[in-house]
Amino acid sequence: MEIIFKLAGIGLITSIVNQILKYCGKEEIASITTLAGLVISLLMVIGLVQDLFDTVKNLFVF
């Protein structure tokens, strides 16, 4: 359940920084921060999927 809050927090912070940078006229940097937020979120999810596959693999080992 805490991973949902972490992902929501990353999304919220990313969107706020994105809006501030767009308001200041830094559209290129805003795009980079959005991409960075996406990469951080995906790395968190990839770690969870890896743990899931390890658990399933250990479940079916005889």
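We're numbering straight along the sequence, starting at 1. Keep in mind that this is a model prediction, so the values were computed, not measured.
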For residues 2-11, pull every pair meeting salt bridge (charged side-chain N to carboxylate O under 4.0 Å, His left out), keeping only residues two or more places apart or in separate chains. E2-K6
Side-chain donor-acceptor contacts of residues 44-59 below 3.5 Å, not counting sequence neighbours, with atom names and distances?
unit_1, atom_1, unit_2, atom_2, d
T55, OG1, D51, O, 2.9
N58, ND2, D54, O, 3.2

Listing, residues 9-21 side-chain donor-acceptor contacts under 3.5 Å, not counting sequence neighbours, or none:
unit_1, atom_1, unit_2, atom_2, d
T14, OG1, I10, O, 2.6
S15, OG, G11, O, 3.2
S15, OG, L12, O, 2.8
N18, ND2, T34, OG1, 3.0

